[in-house]
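Note: hydrogens, waters and symmetry copies are ignored here, and every other heavy atom, side chains too, is used. Position 1 is the first residue of the sequence; numbering continues from there. In this text, all values refer to a predicted model and were calculated from it rather than measured experimentally.
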Amino acid sequence: MNKLTLETLERWLWDSADLMRGHIDSSDFKNYIFGLLFLKRANDQFVEEANIAVTDDGVSLEEALLDEDYHQFFIPHEAYWSELTKKTENIGQALDKAFSLIEEHNPQLEGVMTAVHFGDTEKLPDSLLQRLLQHFNKYSLANEHLDNPDILGSAYEYLIREFADDGGKKGGEFYTPKEVVKLVVNLIKPQAGNSVYDPTCGSGGMLIQSANYIKANGGVVGKFVDASLYGQEKNLSTWAICKINMIVHNFKDSDIRKGDTLSSPKHLENGELMTYDRVIANPPFSLKKWWASAEVDIKQDEKGKEIAPKYNSVVSDEYERFKYGIPPRGYGDLAFVQHMVSVLKNDGRMGVVLPHGILFRGGTEGKIRKGLLEDDIIEAIVGLPEKLFYNTGIPASIIIINKSKSKNLKNRVVFIDASSEYKDGKNQNTLTHENISKIVNAYNQGAGTLVPQEDSKVKNWTKVQAPSIDKFMRVVDMSEIKENDYNLNISRYIDTSDEEIIIDIKATMEDISELELKEQEIDNKLNGYLKSLGF
């Protein structure tokens, strides 16, 4: 039997979305497709595990199917794929019941399977669900029928990316372009044994890329990546997608919670926030009304206009995360940054993607920025090109924070202007492998090769000249940043303008006079030719 390849798997899974076009909005395809994909995979794996038990332990097939100890996920009879494909009516209700039963028997899937409802017959009539089940019935997703077990995770990532493309602006709510993710991961460099946390994890791309980076650098113990992955996601259906994503990638040590990270962080230990070796995120840009409890009872004035609560007086955080200041109601960016800083270990490193505005906006945000700089934990600022993201065309930036900066970077910040590093696209630009390598190499040069030199005579440390790359990377002393009132706008530190051409007015006027004389000579010759021809 031919094994199912990644190319065939991707095409087959994407074709399932085409069956749904015209019935529901394309941005909702993912919720139903991912549910059916996991149901089919869990069933095929369940049967495969039972057959292995029959061969290895000599039990009957019936015993193997009923014994939960043989299975990663136990599937009750009413949730068998073979039973569901027999249905000709009320298929949506049967699927909802199957998902509910699977959750009852598998506590680790609580809330995951029932995050989406198939029972809405107006959206999903029996005729459509029958075609979908028949389509998913075409191939087995058991390990023995896959080219290799990793292709299921790869196909899942492919679907997430395609659904983000298809969903346009809505796609950006749960997916960060993989090239941007790869860049951030390569900047924070997670290591074997690290705990990695994403407070706005979406579908889990940043956590998975971090694990893949660790794996590629030898961080594997047995069959598993030597890393612990933690994440929190506010959107229920996106949280469910992330949970499934971790399962199909076989990331055993992952802990994905649902809820609003700012108002209700879920990863606690003895009532305190857990801390991590690496923290990574692409929070929603400039999130408005970011403190949930302040938005519960909004009052109105006499004209019915909303009276905006003053966040400086209403935000009270029991975990003391906002020590640098309370961000304004209309910009939640630095609330996420401060949460991330508060859960970062003292020897940890974090990378966060944010809009450019946080680099230079004043008011409370300026005070927060000043506090971060005075504590000397900002290591690098990377300016990205425009049109990289699904939900906005504005350029973004990456901030790298390191609580234990190397001696050579004390009171210094690496600035990189990568605004021109992209491959042009019709609707969206992308970072190429070469773009990513150039940025990472510049960061490594700025952060890594500046080594203090020991004076052999006086035994004092002296700083060597900070490295720079013309119009691209520069290491800037904190004194210069202070002179700029702690403004981190990259253009203040890296001049990307073309050199002005100095014009010699006197020489230019002489050239013009010479050209005029030549023009007169040509006119005289032309007039002579015309005269000889009788004109």
Side-chain angles (χ1 to χ4, degrees), residues 27 30 157-188 198-210 212-213 238 279-287 331-334 336-337 340 350-361 380-401 414-443 469 471-473 488-491 494 496:
S27 62
K30 61 184 183 296
E157 287 183 56
Y158 162 81
L159 276 183
I160 289 174
R161 184 171 66 252
E162 290 299 308
F163 283 132
D165 285 338
D166 213 41
K169 186 172 182 179
K170 288 186 178 179
E173 295 174 1
F174 80 107
Y175 178 75
T176 304
K178 66 175 182 177
E179 298 83 8
V180 176
V181 176
K182 185 176 181 181
L183 172 59
V184 183
V185 170
N186 277 263
L187 291 172
I188 66 170
D198 184 344
T200 58
C201 63
S203 52
M206 286 189 154
L207 293 173
I208 287 169
Q209 183 60 42
S210 297
N212 288 340
Y213 181 94
T238 305
V279 181
I280 185 170
N282 174 23
F285 286 0
S286 302
L287 181 66
Y331 298 101
D333 308 295
L334 290 176
F336 285 109
V337 169
M340 294 171 72
M350 68 173 252
V352 56
V353 182
L354 295 166
H356 262 290
I358 59 98
L359 301 178
F360 54 80
R361 285 195 296 257
I381 306 289
V382 181
L384 296 175
E386 63 182 8
K387 292 171 62 179
L388 286 181
F389 299 87
Y390 292 96
N391 51 355
T392 180
I394 65 171
S397 59
I398 298 171
I399 297 181
I400 303 299
I401 283 180
V414 180
F415 284 84
I416 298 174
D417 185 345
S419 57
S420 299
E421 295 298 315
Y422 64 92
K423 179 181 178 182
D424 196 14
K426 184 178 180 182
N427 298 315
Q428 188 178 353
N429 297 328
T430 57
L431 297 173
T432 66
H433 173 74
E434 290 73 22
N435 297 146
I436 294 171
S437 295
K438 182 178 178 180
I439 296 166
V440 173
N441 289 338
Y443 167 75
I469 301 172
K471 300 184 186 300
F472 190 69
M473 185 276 288
L488 295 177
N489 200 348
I490 297 170
S491 62
I494 298 180
T496 59

For the NZ atom on K387, are there more than 12 heavy atoms of other groups (residues, nucleotides or ligands in this structure) within a distance under 6.0 Å?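 Counting other residues, nucleotides and ligands, NZ of K387 exceeds 12 neighbours.
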
If you draw a 6.0 Å radius around CZ in F285, do more than 12 non-hydrogen atoms from other residues or ligands fall strictly inside?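 Check passes, neighbour count above 12.
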
I'd like to know if the side chain of N429 and the backbone of L388 have a donor-acceptor N/O pair within less than 3.5 Å.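 Checking the backbone N and O of L388 against the side chain of N429, no donor-acceptor pair under 3.5 Å is found.
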
Quick check against the 3.5 Å criterion: does S397 have a side-chain atom that pairs as donor or acceptor with the backbone of L354?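 It does hold such a pair.
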
Measuring from [X]:[atom1] to [Y]:[atom2], what's the distance to the nearest 0.5 Å?
| X | Y | atom1 | atom2 | value |
| --- | --- | --- | --- | --- |
| L359 | S491 | CG | OG | 9.5 Å |
| K178 | I208 | NZ | CD1 | 13.0 Å |
| T430 | K423 | OG1 | NZ | 5.5 Å |
| L207 | C201 | CG | SG | 6.0 Å |
| T176 | D198 | OG1 | CG | 8.0 Å |
| M473 | N441 | CE | CG | 10.0 Å |

With sequence neighbours excluded, what pairs up with [X] under the side-chain contact (heavy atoms from CB on, under 4.5 Å) test?
| X | answer |
| --- | --- |
| S419 | D417 |
| S420 | none |
| P177 | E179, V180, F389, Y390, Q428 |
| P395 | H356, E386 |

Contacts of F415 that satisfy ring pair (Phe, Tyr, Trp, His ring centres under 6.0 Å) - sequence neighbours left out: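 Ring pair (Phe, Tyr, Trp, His ring centres under 6.0 Å) list for F415, sorted by chain: Y493.
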
Give the minimum heavy-atom separation between [X] and [Y], together with the two atoms involved.
| X | Y | answer |
| --- | --- | --- |
| G202 | T238 | C-CG2, 3.4 Å |
| I398 | V353 | CG1-CG2, 4.2 Å |
| I416 | I439 | CD1-O, 3.8 Å |
| I490 | V382 | CD1-C, 4.0 Å |
| S286 | D333 | N-OD1, 2.7 Å |
| I494 | K471 | CG2-C, 3.6 Å |

So [Y] and [X], do their side chains get closer than 4.5 Å, heavy atoms only?
| X | Y | result |
| --- | --- | --- |
| L183 | L384 | yes |
| V414 | I400 | no |
| L431 | P385 | yes |
| V185 | N212 | no |

Which residue pairs satisfy the salt bridge (charged side-chain N to carboxylate O under 4.0 Å, His left out) criterion with at least one member in residues 389-398, sequence neighbours excluded?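 Residue pairs passing salt bridge (charged side-chain N to carboxylate O under 4.0 Å, His left out), neighbours aside: none found.
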
Which residues satisfy the salt bridge (Lys or Arg N to Asp or Glu O under 4.0 Å) test with K438, sequence neighbours excluded?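 Here the qualifying residues are E421.
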
F336 pairs by side-chain contact (heavy atoms from CB on, under 4.5 Å) with which of V352, N282, L287?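 Output: one option passes, namely L287.
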
Assess the residue pair V337 and I358 against the criterion (side chain to side chain contact (heavy atoms under 4.5 Å, CB included)); give the C-alpha distance rounded to whole Å, side-chain angles, the decisive distance to 0.1 Å, and a yes or no. CA-CA 10 Å; V337 169; I358 59 98; over 6 Å; no

